[in-house]
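Since this is a predicted model, take the numbers as computed values, not measurements.
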Amino acid sequence: MSKTLPDGRRLDGNTPEEEAAIEAGIAADPDTYEPTEEEARQLRRVGRPPAAVTKERITIRLSPDVVERFRASGPGWQGRMNAALQDWLREHEPEQAEAGGTGQDG
């Protein structure tokens, strides 16, 4: 079986006969084990556990010196930047901040 991708590359898949031969080889191998559906459901999820509260991915433009200082503080710098913004929110009302800033503030 062959398939042409939109970018012009061609993928050649196995023929039904080749697939049957591969499946027969797998079935004949005594070291091959396929978990049941129940066993598969019980497998531990790999990777970081899902967060109870997720953060929103955004794009933001910051002064290079600000980013450099936070990055220089090592791993976890984005979390520390988030904490600094949360601290600012505890003391200020965003609606009262100067609107339309140029990003050139000192």
Student check: side-chain heavy atoms of K55 and N82 closer than 4.5 Å:
yes

Whether the side chain of Q42 engages the backbone of E39 through a donor-acceptor N/O pair (distance < 3.5 Å, no angle test) should be reported.
no

Do M81 and L62 have side chains that approach each other closer than 4.5 Å (heavy atoms only, starting at C-beta)?
yes

Using 0.5 Å steps for rounding, measure from the CD atom of Q78 to the OG atom of S73.
10.5 Å

In one Ile/Leu/Val/Met/Phe/Trp/Tyr side-chain cluster, 4.5 Å: I58, V66:
yes

Where do P35 and A40 come nearest, in terms of heavy atoms and distance?
CB-N, 4.3 Å

Would you find more than 12 non-hydrogen atoms of other residues, nucleotides or ligands less than 6.0 Å from E38 atom CD?
yes

Taking all non-hydrogen atoms of both residues, which atom of W77 and which atom of F70 are closest, and how far apart?
CB-O, 2.9 Å

Output the distance between atom NE2 (H92) and atom CG (L85), rounded to the nearest 0.5 Å.
12.0 Å

Check whether any side-chain heavy atom of K3 sits under 4.5 Å from a side-chain heavy atom of D12, and report yes or no.
no

Donor-acceptor pair, distance only, cut-off 3.5 Å: does the side chain of R80 make one with the backbone of R71?
no

Determine whether the side chains of R9 and T4 contain a donor N or O and an acceptor N or O closer than 3.5 Å.
no

